[in-house]
Amino acid sequence: MNRATFPHFWLPLLLIAPQLAISAIFFYWPAVQALYQSVLREDPFGLRSTFVGLANFRNVLADPAYLNAAQVTVVFSLLTAGFSMAIALLLAVQAEKVVRGRGFYRTLMIWPYAVAPAIAGMLWLFMFNPSFGTLAAIPRALGIRWDPLLNSSQAMGLVVAAASWKQISYNFLFFVAGLQAIPKSLIEASAIDGAGPVRRFWTIVFPLLAPTTFFLLVVNTVYALFDTFGIIHAVTSGGPGKSTETLVYKVYNDGFVNLLLGSSAAQSVMLMVLVICLTAFQFKYIERKVHYG
Amino acid sequence: MAEGLVGTSRRSLTLAHVLLILGCVIVAFPIYYVTVASTHSLRTILNPPLPMLPGPETIENYREAVSGGINRIGGVGVDRLLLNTTIVALGIAFGKIVISMASAYAIVFFRFPLRMVCFWLIFITLMLPVEVRILPTYKVMVDLGLIDTYAGLILPLIASATATLLFRQFFMTIPNELFEAARVDGAGPWRFFKDILLPLSATNIAALFVILFIYGWTQYLWPLLVTNSNSMNTIVIALRKMISFADADTPWDLVMVTCVLAILPPVLIVVLMQRWFVKGLVETEK
Amino acid sequence: MATLSLNDVRKSYGKTEVIHGVSIDVEDGEFVVIVGPSGCGKSTLLRMVAGLEEITRGTIDIGGREVNKLEPRERDIAMVFQNYALYPHMSVFDNMAYGLRIAGIKGDDLKARVGKAAEMLGLTTLLDRKPRQLSGGQRQRVAMGRALVREPSAFLFDEPLSNLDAKLRVSMRLQIKDLQRRVATTSLYVTHDQVEAMTLADRLIVMNKGVAEQIATPMEIYDNPANVFVAGFIGSPAMNFFPARIEGGHLHLADGSQLPAPAGVSEGSVILGIRPEHLMPAPLDAEGSLSVRVLAVETLGADAFVHATLGDGDADAIVFRVPGHDRPAEGERVSLMVEPGKAHVFDAATERRIAEA
Ligand SMILES: Nc1ncnc2c1ncn2[C@@H]1O[C@H](COP(=O)(O)OP(=O)(O)OP(=O)(O)O)[C@@H](O)[C@H]1O
Ligand SMILES: [Mg+2]
């Protein structure tokens, strides 16, 4: 059925104009500029720029620091998505079992969602601060020389912990929604067929949760890629060395701190391609939206 | 009847409660930790382990923080930081809702040339998050004189493909006949919007508001870029400045207080508006 | 109150024309029903009158004023929708008052008008309820009330009863008729239900594929259907049709039986149409009768409908009506006489009615 509409001509254009104007000024124009700058090289004083074709891209891809950032990003994203989804799934399955106290658990579980990523990083830093963090005693008791600000893998561990912690709420809510959408009759049928609880979970519940899991995988990847900038920036600033420098952090750092315009623009463009692929992927296979922005 | 689903044995139910309590402890602990820390003296904080119960300095710490203590570390009062953050969060939430409702309204209830082109133009902004266009966007901000302004903090973030899609989807569920009944009753575009569409969208708006308020409150990269002056900082940025210049003299007790103040408003909103929040979160992403 | 006239009204979606020129003059206070099969363009026609669809060609006048370019609200009409289209967030009172409020009516005047309409429809005790707290029939009445309070020049109804169960439909049908008589407002009513159409209408428009096949009073349409479509559409069970030839003053049917041909009709192929209620059992093999074999009998109580085939073979099916207590058995051979003057003859090529026999 066709939608009935008002006959006005100018009014809708007026209504949609603000959104289009903001998109044009703050989204399209900068994106085009990024594309444009990615094929230019500026002299150090920013006075002249020359067309260099794909040289910026070649340089970036040949740069060990960029490859390092890519690797860090992959490790960081996999660990963050893996931990936060696994913990959230475990808790969501338990929450589905209980009736009493379900609301109470949920209320406690959603707090981290409201905490800014940067602050999540700070909280974990406070707890595990080598000089005054109470929980720093735990790794020490295990015989580890604990100093996350100087030790690469400890630094990575800390930002992964903070990033996963923050994302548990989100994943928990979606897993709970996903679990509730599974028809109870299926589970009852399998119980009658004699499947035990563990077997029921892996043969019935988990496969039926696949769409939710798949969706969360993409959302968590996007989250780990972009939204965790605050955690990295606030906790480690990419260090020690470059052991926690992610791609987004590097774009920021090269553009704003090191003022490498061409290189930063080329990195932006490559990130843009990544986002487009992720979005397209998500819409194609999951028919749900990606980024909140 | 026993609790829960078929075949949930007593043992597995107990295990579930144990795991959930453990999970809640882990999830809530960092927030509890900083809240407790904010109630102890600097000396107690610097001598771990931190007592796990609130200390005696609660009133003292908070009074000092509010009456200029934070001003000394960050260069701005905490009231100003909270005001900035509130303005930004509310500005973004309302801005996004208004702008996306307007465009969804135009797209669904009117026909105009290039309607679908407009729709796609809005849609594609999904694929252009700030992170992939940092420098050129910053340059636009400089050119427009938006650095260190509320407009600069808010405007670029209020275009929203997601919210537009959400409202579009919701508007399309309004039956044609309802729209036509209103037209026959004499309602024009404004009255139809105000009398019919807005009341029917109320829960959607509430749900979206919670999510967008959190989104605005927790912004990081963007405020970092467009604020130079301390007086325009949001509380998150101010905190990060405090800890990154930390030294032996840093009054950690006041930093903890600031941290609690930065966490509290959005947590309260999420907890108090839980029903809308959960609905909004799960539905906006569908 | 006003007259309503459509002059060669046409509607195209893109290149496809779906209404091929409809004209009618509806008198002040008249109740006109548009009836036809699904997809024939009834709703489209009504919505053009309401101003909800653009008029591609032709003109529509309400109260002598051309309304082609006017917005729905400027046309002074009220409409009742199939799904009622009540505002879900407003009380019954507010639903009924909404149009008046937009028209700038307030205070006691508003209360009085809504109150009066509510009373006419028996809604007085329901005024504070929300639509979701009402039954289907009550919702339907609120939808009527919303139209009634406006005191418009014309009421437009688009299948307002089709979501009700059969019993409610009958009582609402009577109520609508009664209300319309009392307020004497020009009405245009769309339905695909021929019982509704026959019982409500002062005049009927029988539509098919975007064309008004016939516009006349219900009895006129029943007695003198303009063509095969109208004849088959109006009347239940539907009219029986038989291909026939006129030769030598007789109608020859496929099974070889003969009926006297009507006067003044030239020889050639025709279609013979006879309503089930106009076929009467006759002595076996009487002169000028049709011989049929009974296939099945549907007993309704007072009457029974008999399904049979003409002749012995599996030729055309035929339906006729007999008294409930006096019905033939399955497989029996029966002779049928046509009530004089009640057979219709249609041209086989144009399907237009050419005579009655
Ligand atoms: N927006 C449109 N675009 C194209 N064709 C349309 C449109 N609306 C209706 N039609 C066509 O116009 C014809 C008439 O439709 P209309 O809704 O008037 O039928 P109707 O007689 O009311 O049928 P029903 O009894 O099913 O309600 C149909 O063939 C339909 O497919
Ligand atoms: Mg219709």
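Lettering of chains follows the sequences in order, A, B, ..., and the numbering in each one begins at 1.
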- [ ] For the residue pair B:Tyr105 and A:Phe6, categorise the inter-ring angle as parallel (less than 30°), tilted (30 to 60°) or perpendicular (more than 60°).
- [x]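 Perpendicular.
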Non-hydrogen side-chain atoms of [X] and [Y] separated by less than 4.5 Å:
X	Y	value
B:Ile134	A:Ser268	no
B:Leu135	A:Gln33	no
A:Tyr36	B:Pro136	no
A:Pro117	B:Tyr220	no
A:Val115	B:Thr218	no
B:Ile107	A:Ile16	yes
A:Phe26	B:Leu144	yes
A:Pro7	B:Arg183	yes

Partner chain B: residue of [options] with the largest heavy-atom pair count (under 4.5 Å):
options	result
A:Arg102, A:Arg106, A:Gln267, A:Gln37	A:Arg106
A:Leu20, A:Leu35, A:Ile168, A:Val251	A:Leu20
A:Asn129, A:Thr107, A:Leu125	A:Thr107
A:Ala17, A:Ala95, A:Ala21	A:Ala95

Look only at the side chain of [X] and the backbone of [Y], and say whether a donor-acceptor pair between them is shorter than 3.5 Å.
X	Y	result
A:Gln19	B:Ser160	yes
B:Arg240	A:His233	yes
B:Tyr33	A:Thr134	yes

- [ ] Can you see which heavy atom on B:Phe109 is nearest to which on A:Ala4, and at what distance?
- [x]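 B:Phe109 and A:Ala4 have their closest heavy atoms at CD2-O, 4.4 Å.
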- [ ] For A:Pro12 and B:Ala106, work out which heavy atoms get closest and say how close.
- [x]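 The pair with the smallest heavy-atom distance is O-CB, 3.5 Å.
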I'd like to verify something: which residue of [options] has the highest number of heavy-atom pairs under 4.5 Å with chain A?
options	result
B:Val255, B:Ile237, B:Val140	B:Val140
B:Val271, B:Leu221, B:Val34, B:Leu268	B:Leu221
B:Pro156, B:Ala262, B:Gly23, B:Gly188	B:Pro156
B:Leu155, B:Ile122, B:Val98	B:Ile122

Quick one: what part of [X] sits under 4.5 Å from any heavy atom of chain B, side chain, backbone, both or neither?
X	value
A:Ile110	both
A:Ala234	both
A:Tyr113	both
A:Leu11	side chain
A:Ser237	side chain
A:Trp111	both
A:Ser131	backbone
A:Ile276	both
A:Trp10	neither

How long is the span from the [atom1] atom in [X] to the [atom2] atom in [Y], to the nearest 0.5 Å?
X	Y	atom1	atom2	result
A:Leu14	B:Phe110	CG	CZ	10.0 Å
B:Leu126	A:Leu278	CG	CG	12.0 Å
A:Leu123	B:Phe29	CG	CZ	11.0 Å
A:Tyr28	B:Leu128	OH	CG	6.0 Å
B:Leu224	A:Tyr252	CG	OH	4.0 Å
B:Thr125	A:Ile22	OG1	CD1	10.5 Å

For [X], is it the side chain, the backbone, both, or neither that has a heavy atom closer than 4.5 Å to a heavy atom of chain A?
X	answer
B:Val130	neither
B:Leu19	both
B:Pro175	backbone
B:Arg115	neither
B:Phe179	side chain
B:Ala187	backbone
B:Met141	side chain
B:Phe213	neither
B:Leu178	neither
B:Phe171	backbone
B:Val267	both
B:Leu22	neither
B:Ile92	neither

TODO: Assess whether side-chain contact (heavy atoms from CB on, under 4.5 Å) is satisfied between A:His8 and B:Phe112, documenting all intermediate values.
DONE: CA-CA 8 Å; A:His8 300 66; B:Phe112 52 93; over 6 Å; no
Open item on the list: Pair A:Trp29, B:Thr137 - check side-chain contact (heavy atoms from CB on, under 4.5 Å), show working.
Closed with: CA-CA 8 Å; A:Trp29 172 249; B:Thr137 316; over 6 Å; no
- [ ] Would you check, one step at a time, whether the test side-chain contact (heavy atoms from CB on, under 4.5 Å) holds for B:Ile124 with A:Phe27?
- [x] CA-CA 10 Å; B:Ile124 289 171; A:Phe27 286 73; over 6 Å; no
TODO: Decide side-chain contact (heavy atoms from CB on, under 4.5 Å) for A:Leu173 and B:Phe277; before the verdict, give the C-alpha distance in whole Å, the side-chain angles of both, and the deciding distance to 0.1 Å.
DONE: CA-CA 10 Å; A:Leu173 289 175; B:Phe277 162 68; 3.7 Å; yes
